[in-house]
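Atoms within each ligand, like the ligands themselves, are counted from 1 in listed order.
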Amino acid sequence: MITIALSKGRIFDETAPLLAAAGIHSTEEPGSSRKLILGTNREDVRLIIVRASDVPTYVQYGAADIGIAGKDVLDEHGGDGLYQPLDLQIAKCKMMVAVRKGFDYEAVIRQGARLKVVTKYVKTAREHFAEKGMHVDLIKLYGSMELGPLVGLADAIVDLVSTGGTLKANNLEAVEHVGDVSSRLIVNQASLKLKRSALQPILDDFTRAVAMNVDTNK
Ligand code: PRT
Ligand code: MG
């Protein structure tokens, strides 16, 4: 049995065409089903639906052979025990620093003042500001980071931005690019050895499908 871990929402939606290219079709929609284990047209392949940030954990411990997770999630997790063969070029966005409109971020940098930052991505944020030699107080949140600067919890946020609509709606503006994010295929290292004959064709089909998509995007 091959178990593939992924999260519902944008990752599931954007992975479905890649799975289809490998001849794998889910028998249910995770959006409408409350099942956590979904069957596929292939008797030897099943999908498990987990929280986006839990995907690396399932793969690391071998409860899933393959997973699909954002670079944001993988950077925070650290990637222990994971083989990361492929950038799937899906669910793309940018990790940004954002502040309330009118907040003088440049002045904070110039003056070497302390910056209060809320984020779900504590490790990524710590590394980013350390590299810049900035002094920051990091406060971990689990969601709606955008609220932090509006109610005085922080001066800035480190969060993902795709359309920019959420920042705009909350009177925030991006002031710094932390990194580009896309989703990656991750594979359990033991599975890769023990189930190579079953896994390799799936990895090859994914690789081909990604290459074709990248070409047509040009
Ligand atoms: O929602 P849940 O708490 O279960 O987990 P999650 O938020 O991690 O999962 P999900 O499905 O929302 O995101 C899964 C993955 O999609 C992330 O790990 C990223 O790699 C990727 N991704 C791509 C995004 C976005 N784009 C994105 N825009 N993840 C989140 N966002 C959020 C962002 O945090 C912000 O709140 O969307 C908002 C901004 O969007 P715009 O379009 O208004 O700029
Ligand atoms: Mg979300």
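Nearest to atom 6 (P) of ligand 1 by heavy atom, out of Arg184, Arg51, Lys120, Glu14, is Lys120. Relative to atom 21 (C) of ligand 1, the option among Ala52, Ala91, Ala98, Gly9 with the closest non-hydrogen atom is Ala91.
When hydrophobic residues (I, L, V, M, F, W, Y) are linked wherever their side-chain heavy atoms come within less than 4.5 Å, the members clustered with Val59 are Ile37, Ile48, Val50, Val55, Tyr58, Leu74, Leu82, Ile186.
The side-chain hydrogen bond (donor to acceptor under 3.5 Å, both in side chains) search around Arg208 returns Asp205, not counting sequence neighbours.
Glu146 and Thr166 make their closest contact through OE2-CG2, 3.3 Å (heavy atoms, listed as atom of the first residue, atom of the second, distance). Contact record, Arg114 with Val136: NH2-O, 3.6 Å, taken as the closest heavy-atom pair.
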Dump the intermediate steps for side chain to side chain contact (heavy atoms under 4.5 Å, CB included) on Asp155 and Tyr105, then the final yes or no.
-> CA-CA 9 Å; Asp155 307 310; Tyr105 183 66; over 6 Å; no

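Close approach of ligand 1 to Val161 is summarised as follows: ligand atoms under 4.0 Å from at least one heavy atom of the residue are 44 (O). Near Cys93, with a cut-off below 4.0 Å to any heavy atom, the atoms of ligand 1 are 22 (N), 23 (C), 25 (C), 26 (N). Every atom of ligand 1 is numbered from 1 in the order shown, and the set under 4.0 Å from a heavy atom of Val73 is 18 (O). Near Gly70, meaning under 4.0 Å from one of its heavy atoms, ligand 1 places the atoms 20 (O).
Annotation: Gly164 places an N or O atom under 3.5 Å from an N or O atom of ligand 1; distance criterion only. Checking only distances, Thr163 does come within under 3.5 Å of ligand 1, N or O to N or O. Taking any N or O of Asp72, backbone or side chain, at least one lies under 3.5 Å from an N or O belonging to ligand 1. Taking any N or O of Ser53, backbone or side chain, none lies under 3.5 Å from an N or O belonging to ligand 1. For ligand 1, the polar-atom distance check finds no N/O of Ser183 at less than 3.5 Å from any of the ligand's N/O atoms.
Hydrophobic clustering (side-chain heavy atoms under 4.5 Å, transitive across Ile, Leu, Val, Met, Phe, Trp, Tyr) groups Val118 together with Leu150.
For the atom pair CD1 (Ile157) and CG (Leu141), the distance works out to 10.0 Å, reported to the nearest 0.5 Å.
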